Amino acid sequence: MESDCRIPVACCRPRFLLLHALFWGLVSLRVFGAALLNEEKTTAVKPVATPCWLMEEFVVLEECVACSDFNSKTQLVCKQTGYVERINCTKSNKEEYKSCRSALMEEHLFWKFEVATMALTAFFAALVVVRQRQLDRRASEKKVFNTSNNDCRRNHETAFTLKRRDLMMGRRTVAGS
């Protein structure tokens, strides 16, 4: 009893095997290369002190505000979201800046997302309508073609059955009819 799970003969050809080896070699080189580059970057970065607001409780001194152009280029906390809030850690009594997400920014991002999803919905709905019309047109063309073929077939079948009936009843038909 033979198995249905066979490797196609085309997969065993040397050219195919060479292409597979090349492809997977490049993929693994890319993955391991990225991992090696990542390790090099982590060793070059000096250790950063853990912010106090991760370790202890804090009080917000100044609500979330947008960073100035200068601060967003120089301060690391401004680079993350573009907004910062000034906080005071309770135990160590340190004053630091913490990156935050503005409610205005969040609302803006929400509406961007809504517009994008509505635009995609409208686009794909239009695409479905166009495709449905195309399929309907093809189906109607096929019906017209099949109907004309069926009419010819029916006429031929009718002539054939009339001849057969005449032969069964013993009538002779005139040649050519």
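For clarity, every value in this text was computed on a predicted model and none was experimentally measured.
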Quiz item: Can you tell me if CG on Asp136 sees more than 12 non-hydrogen neighbours from other groups inside 6.0 Å?
Solution: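 Enclosed.
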
Quiz item: So which of Cys78, Ser102, Cys64 actually passes side-chain contact (heavy atoms from CB on, under 4.5 Å) with Val84?
Solution: Cys78

Quiz prompt | Option passing side-chain contact (heavy atoms from CB on, under 4.5 Å) with Glu85 (candidates Leu61, Val60, Val65) | solution = Val60

Quiz item: Where the side chain of Thr90 meets the backbone of Glu57, is there a donor-acceptor pair that is under 3.5 Å apart?
Solution: yes

Got a second to check how far [X]'s [atom1] is from [Y]'s [atom2], nearest 0.5 Å?
{"X": "Leu109", "Y": "Leu104", "atom1": "CG", "atom2": "CG", "result": "9.5 Å"}
{"X": "Arg86", "Y": "Cys100", "atom1": "CZ", "atom2": "SG", "result": "13.0 Å"}
{"X": "Ser140", "Y": "Arg133", "atom1": "OG", "atom2": "CZ", "result": "13.5 Å"}
{"X": "Glu63", "Y": "Tyr83", "atom1": "CD", "atom2": "OH", "result": "14.0 Å"}
{"X": "Lys94", "Y": "Glu56", "atom1": "NZ", "atom2": "CD", "result": "8.0 Å"}

Exercise. Starting from Met55, walk the hydrophobic network (Ile, Leu, Val, Met, Phe, Trp, Tyr; side-chain heavy atoms closer than 4.5 Å) and list everyone else you reach, by chain and number.
Key: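 Grouped by the 4.5 Å side-chain rule, Met55 forms a cluster of one, so the answer is none.
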
Exercise answer: donor-acceptor pairs, residues 111-124 side-chain atoms, under 3.5 Å, sequence neighbours excluded:
from	atom 1	to	atom 2	distance (Å)
Thr117	OG1	Phe113	O	3.2
Thr117	OG1	Glu114	O	2.8
Thr121	OG1	Thr117	O	2.7

Quiz item: Any luck finding a side-chain donor-acceptor pair between Arg131 and Gln134 under 3.5 Å?
Solution: yes

Quiz prompt | Side-chain heavy atoms of Phe58 within contact of Glu96, under 4.5 Å | solution =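 Result no, sub-4.5 Å side-chain heavy-atom pair not found.
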
Quiz item: What residues, two or more places apart in sequence or in another chain, satisfy side-chain contact (heavy atoms from CB on, under 4.5 Å) together with Phe70?
Solution: Ser68, Thr74

Quiz item: If you look at every heavy atom in Glu95 and Asn88, which pair is closest and at what distance?
Solution: N-OD1, 4.3 Å

